[in-house]
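In what follows, a single structure is set out as structure tokens and then discussed.
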2 protein chains.
Amino acid sequence: MKRFLALAALSLPLAATAQESEPSATPSSVVAAAKAEEWVAISPEDLLVMELTPDARGNPRTVVIQLAPEPFSQPWVDNIRTLASAHWWDSASVYRVQDNYVTQWGDVTEEKQLPEGVVSPDAGYASVLPPAPIMNEPVFPLTGVLRNAWLEQYARDGMILDEDTIREAIARQKGDSYASETAIIAGWPVGIGPDEAQRTIAWPIHCYSYIGVARGYAPDTGTGAELYTIIGQPQRHMDRNLAVVGRVIMGMEHLSSLPRGSGELGFYTEEEADLRTPILSVRLAKEMDAPPAFQYLDTSSESFARYVGVGANRDDAFYTQPAGGVDVCSVQVPVRMIGE
Amino acid sequence: MKRFLALAALSLPLAATAQESEPSATPSSVVAAAKAEEWVAISPEDLLVMELTPDARGNPRTVVIQLAPEPFSQPWVDNIRTLASAHWWDSASVYRVQDNYVTQWGDVTEEKQLPEGVVSPDAGYASVLPPAPIMNEPVFPLTGVLRNAWLEQYARDGMILDEDTIREAIARQKGDSYASETAIIAGWPVGIGPDEAQRTIAWPIHCYSYIGVARGYAPDTGTGAELYTIIGQPQRHMDRNLAVVGRVIMGMEHLSSLPRGSGELGFYTEEEADLRTPILSVRLAKEMDAPPAFQYLDTSSESFARYVGVGANRDDAFYTQPAGGVDVCSVQVPVRMIGE
């Protein structure tokens, strides 16, 4: 009977759903009401803390980065840990800011020697996934076949999620222009599709505030020493062409609000070299004396499913026309600092 | 025979297409090669020039805005023309900057009297479209039924576009999470879908640099005096809930790189009131002595179709993995200043 309820719910219109259940819920209110056990600690091995010089008013500018989880981009992520441990970015700079595209940092001279072992990985930009729709890592599917398998799984398991949540979870994303399917895997937005050998592969997506590895024309020329973050409309044709290795989880405004460079591709010209923002230090949290601590909302939790569903069907004091769907890059995984 | 060629092309894989035709073409090279007659002048009645105070280095900050074309949001657009003619924004300010969301400007006191006739329009956020897929205004469809009708129209008309262009034009956008279909109409990105009466309606979309009318909680409380522009990942659940009235076509960096406000929703607090950017003037180009002049690439032109197709199938010196599609907000309509 429970399974019947879950499957029958799939045909209900979403607008009606949103009106009948919690009409005043917003994504923020859902996150605020999440239970303590629905939050997952981010490992200090996956946190980078970048200190820029203080701003013109003397305020500190701290940028906190979460590194991408397995199985995504790990050769570059390993390089980044090595570079941070070697303090390689200390006295590096933010040297490129192109409007509606990227902010980029590293060694503007391109002459600084890399630590031993840091070379361009001979690796691809996508990972082969296990065939099962539910892997070891929690998957929150946003589209298509994977989503349907996920809903059936929940039905088989005796409906762990309540009926409203199941209902809201459907039709969240009607389609994607860049991937056969999209999902949140281990807290990370990914595209999914078949490769040439018809294996199921997944790759991390370029969303706002996500970080990638700059490279030259040849695909295998990036080490992770030069990094960029997306500061505008995500240009997702970059997916699978560049390695996504992390995301900014605090202090994004210190990278997005910098003056744009007037040189080609937004590089600061020599005449405006003073606009470059010096980097004081980049440290792995696990190597800091008093590291900050962060959690993200478990993307296999009931609150996360409700968060996505409510976001896709806003029907509150301000929004009167629910969208009925949400883009993968608009599903911002909630992150919070703890112990402040 | 020509029709057969066009339709047969629809089943060819896109990757092969991109490899076989112009492998080194980029969106920029396509735009650079567009013919003079493919560019459309923007009417001086549809251009607003906003002068902010110079930046910290003394450089002028000019922002040029193109107003949305008929049939979209015209009651608000009319208000905006009236406000500009009345010099209403002179000595107003940019008073809100929220990271990954919006920059907003107008009268921070909310007490300045509006010009006569400027009231909140009693109008909806979408427009009913004529039933024909090809209207008076040029339509460039990105998805679904409309796109197929458009391709058939070209086939019936004896294939105005060449075969490669037709081939590249297919499968550009595999789906959209917020609209049944998407298209560029009269140079403007729109969502398309049925309304409750099953009429075909279209609405302008919130993309990066697009401008909307700020309002209070009630949907009918915005006049156009307070405006915002999108400075991050477009939050398209705003579509159909707020009026999109224009886009920034020059000087976007002067709005996107401003310091973020630390108050709620990115408003500058009273303590940081000096961060507000004063607006010197906002003028309609048609009322200026020496107005700037702009053109946009005709979105029904062959070069525009090729621009979208090449953008969706990047296969050049840098990109080796074509996406096979493109999001409507990633299709940035090319605009250029003339007579510089």
Side-chain angles (χ1 to χ4, degrees), chain A residues 55-57 97-100 125-126 142-143 171-180 207-209 215-217 219 230-242 252-254 256-260 272 275 311-314 317-330 332, chain B residues 55-57 97-100 125-126 142-143 171-180 207-209 215-217 219 230-242 252-254 256-260 272 275 311-314 317-330 332:
Chain A
D55 69 15
R57 305 184 144 222
V97 188
Q98 184 173 4
D99 196 60
N100 194 17
Y125 298 127
L142 285 160
T143 52
R172 284 181 306 245
Q173 195 195 44
K174 294 165 187 158
D176 187 82
S177 294
Y178 300 90
S180 305
C207 295
Y208 186 91
S209 83
R215 63 167 172 83
Y217 276 108
I230 304 294
I231 61 165
Q233 165 77 34
Q235 293 297 328
R236 287 189 45 207
H237 65 271
M238 299 162 76
D239 296 351
R240 287 187 290 167
N241 283 290
L242 294 132
M252 180 62 193
E253 66 275 17
H254 304 313
S256 59
S257 67
L258 294 172
R260 278 50 180 157
E272 59 195 8
L275 290 179
N313 298 285
R314 294 294 294 263
F318 191 82
Y319 292 99
T320 57
Q321 177 68 57
V326 64
D327 182 79
V328 60
C329 278
S330 292
Q332 293 167 45
Chain B
D55 70 14
R57 307 184 141 220
V97 188
Q98 185 173 4
D99 196 59
N100 193 17
Y125 298 126
L142 285 160
T143 51
R172 283 181 307 246
Q173 195 194 43
K174 294 163 186 160
D176 187 81
S177 295
Y178 300 89
S180 305
C207 294
Y208 187 91
S209 83
R215 63 167 172 83
Y217 276 107
I230 304 293
I231 62 165
Q233 164 77 36
Q235 293 297 329
R236 286 187 48 207
H237 65 270
M238 298 162 77
D239 296 351
R240 287 188 288 169
N241 283 290
L242 294 132
M252 181 63 192
E253 66 275 18
H254 303 313
S256 59
S257 67
L258 295 172
R260 279 49 179 157
E272 59 196 9
L275 290 178
N313 298 286
R314 293 294 293 263
F318 191 81
Y319 292 99
T320 57
Q321 177 68 57
V326 64
D327 181 80
V328 59
C329 279
S330 291
Q332 293 167 47

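In what follows, chains carry the letters A, B, and so on, assigned in the order in which the sequence lines appear, proteins first and then strands, with residues in each chain numbered from 1. We use all heavy atoms of the structure for the numbers below, so side chains are in, but hydrogens, waters and symmetry mates are not. Predicted model only: the values in this text are computed from it and were never measured.
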- request: Find the one option among B:V97, B:D55, B:L242 whose heavy-atom pairs under 4.5 Å with chain A are most numerous.
  value: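 Highest number of pairs under 4.5 Å: B:L242.
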message: To the nearest 0.5 Å, what is the distance between OG on A:S330 and CZ on B:R236?
response: 8.5 Å
- request: To the nearest 0.5 Å, tell me how far B:N100 CG sits from A:S256 OG.
  value: 8.0 Å
task: Identify the heavy atoms of A:P259 and B:S257 that sit nearest to each other, and give their distance.
output: CA-CB, 4.5 Å
- line: A:A323 and B:R240 have their tightest heavy-atom pair at O-NH2, 4.4 Å
Listed partners of A:N241 passing side chain to side chain contact (heavy atoms under 4.5 Å, CB included), at least two apart: A:R215, B:Y319, B:T320, B:Q321
task: Please tell me if the side chains of B:Y208 and A:I231 come closer than 4.5 Å, counting only heavy atoms from C-beta onward.
output: no
Side-chain touch B:M252/A:R260, heavy atoms, less than 4.5 angstrom: no
Residues forming a ring pair (Phe, Tyr, Trp, His ring centres under 6.0 Å) with A:H254, sequence neighbours excluded: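 None.
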task: Below 4.5 Å from any heavy atom of chain B, which atoms of A:I230 appear? Answer side chain, backbone, both or neither.
output: neither
message: Looking at B:D327, is its backbone amide N or carbonyl O close enough to the side chain of A:Y178 to form a donor-acceptor pair, meaning the two atoms are under 3.5 Å apart?
response: yes
query: Which one, A:Q332, A:M238, A:H237, leads in non-hydrogen pairs under 4.5 Å with chain B?
result: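 When all of A:Q332, A:M238, A:H237 are compared, A:H237 has the most.
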